[in-house]
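Naming: A, B, ... by sequence-line order, numbering from 1 per chain. What you see below is based on every heavy atom in this structure, not just the backbone, and it leaves out hydrogens, waters and symmetry mates.
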4 protein chains.
Amino acid sequence: MSEMQQAHGLAADAISTNGIPGEELRVYIERIERLEEEKATLGQDIRDLYLEAKGNGFDPKVMKEIIKLRKKDPDEVDEEDAILHLYKQALGMLNPPSIQ
Amino acid sequence: MSEMQQAHGLAADAISTNGIPGEELRVYIERIERLEEEKATLGQDIRDLYLEAKGNGFDPKVMKEIIKLRKKDPDEVDEEDAILHLYKQALGMLNPPSIQ
Amino acid sequence: MSEMQQAHGLAADAISTNGIPGEELRVYIERIERLEEEKATLGQDIRDLYLEAKGNGFDPKVMKEIIKLRKKDPDEVDEEDAILHLYKQALGMLNPPSIQ
Amino acid sequence: MSEMQQAHGLAADAISTNGIPGEELRVYIERIERLEEEKATLGQDIRDLYLEAKGNGFDPKVMKEIIKLRKKDPDEVDEEDAILHLYKQALGMLNPPSIQ
DNA sequence: CCGTAATTAACAAAAC
DNA sequence: GTTTTGTTAATTACGG
């Protein structure tokens, strides 16, 4: 068996005249296209949900921030917040203590 | 009925002490997180498929190019190719005619 | 200087045989390439600075966060922080009051 | 000399009460902000040039493609084009030979 | 060197 | 309509 046939794991008649196993390639392409379509649908669903939430008085931008925070380890978040706070102090970026 | 209750369409007892209808917000957040999870799973599936194709001798980068082309209107593609070719000519970027 | 102009003795019109004014196009391309080169150099300088700061004990990620905050209007930042805080309250995401 | 002073290479009086050498941090931040500003200016200049070229009849999208090609090794470009052509053949995506 | 993470550029969508 | 904003894709840099 030739190297190319071994590489692609296909019978000889699945190989196009140019040496590319077109059927195998087509199957990969179509499976990926199908998955990307589903992914795009979910993206649209998510966008719709944010719009609906916005219509009900919620702030999508802040919702996204919440979701981002919930994905992270709380300890990591606290740690990073602490460093950020130190840097703000060192740079005089903090609001007056009365509103902390 | 208060303005906020009207805006959010919720019964009084669904409103947190801070004025945010927490349950409604939580439901939105959790629905979005669920959809994002499914979306991420599909993204992983697509990556896996590219890896499998690569293992079988295909070039993922070129596959992506193919998929991008298939999404476009063929006439658009031809049109843009034609302009690109003109620009290459004008800039002397073309290979010798023998291999065109 | 354009080869084509020399070859064809074209002057003001500078139009290639394919109808594209190659000299004008080339000038645009080269000006853009020059600017992109300078832009890339600055990007490298910035990366070097972050590395140097990291070597001196600073956290580049937090520095980036600081820089992002300094670009925004402080009132906007405070406003958004306030909403974020309300949402966290409503979702029970706040740490115990003792460490607020 | 304390560990922190060594790490930051600063005299004791440059250290804020919270342990962060604020002056050193501020200098880094401001240098980076300056460089980013210059970088943004170049980005705007590039955008302006594309707009001007567009106003003179050139296609910015194709110009970008040209610039991308000129950055790459020509052999790489040819190689990838060849694979793309093979895949198109194998998938029946080629135009009739008469217009190749 | 490979996979991962982060930056950047391209594209699409939505606000004004 | 255009102009910004947000999302997605791709390149690049980094660490294992």
Touch class at under 4.0 angstrom, heavy-atom based, for D:Lys68 against every strand present: nothing

Student check: side-chain heavy atoms of D:Arg70 and C:Glu30 closer than 4.5 Å: yes

C:Lys39 NZ - F:dT11 P separation (whole Å): 15 Å

Comparing A:Lys61 and A:Glu36 on DNA chain F - which has the more 5′ nearest nucleotide: A:Lys61

Pairs involving residues 15-39 of chain A, ordered by first then second residue, that meet ring pair (Phe, Tyr, Trp, His ring centres under 6.0 Å) (sequence neighbours left out): A:Tyr28-B:Phe58

Interatomic distance, A:Leu35 CG vs F:dT8 P [rounded to whole Å]: 16 Å

Protein-nucleotide distance (A:Met63, atom CE; F:dG6, atom C1'), rounded to Å: 16 Å

Separation of atom OH in C:Tyr50 from atom P in E:dA6, rounded to whole Å: 14 Å

Partners meeting side chain to side chain donor-acceptor pair (under 3.5 Å) with C:Glu38 (sequence neighbours left out): C:Arg34

A:Asp48 CG - E:dA12 C1' separation (whole Å): 15 Å

Close side-chain approach of D:Glu36 to C:Leu42, heavy-atom, < 4.5 Å: no

pair D:Ile15-D:Ile20: side-chain heavy atoms closer than 4.5 Å: no

Look for any protein N or O under 3.5 Å of an N or O in nucleotides 13-16 of chain E and output each such pair with its distance, or none.
from: E:dA15; atom 1: OP1; to: A:Lys54; atom 2: NZ; distance (Å): 3.2

Atom of A:Leu49, atom of B:Leu35 and distance for their closest heavy-atom approach: CD1-CD1, 3.7 Å

Atom-to-atom span, CD of D:Glu65 to C1' of F:dA10 - whole angstrom: 13 Å

Heavy-atom donor-acceptor pair, A:Tyr87 side chain to C:Asp59 backbone, under 3.5 Å: yes

Whole-Å gap separating P (F:dA9) and CD1 (B:Ile66): 18 Å

Touch class at under 4.0 angstrom, heavy-atom based, for D:Lys72 against every strand present: nothing

Sugar-phosphate only, base, or nothing, as touched by D:Lys71 at under 4.0 Å among non-hydrogen atoms: nothing

Interatomic distance where CD1 belongs to D:Ile46 and C1' belongs to E:dT8 [whole Å]: 12 Å

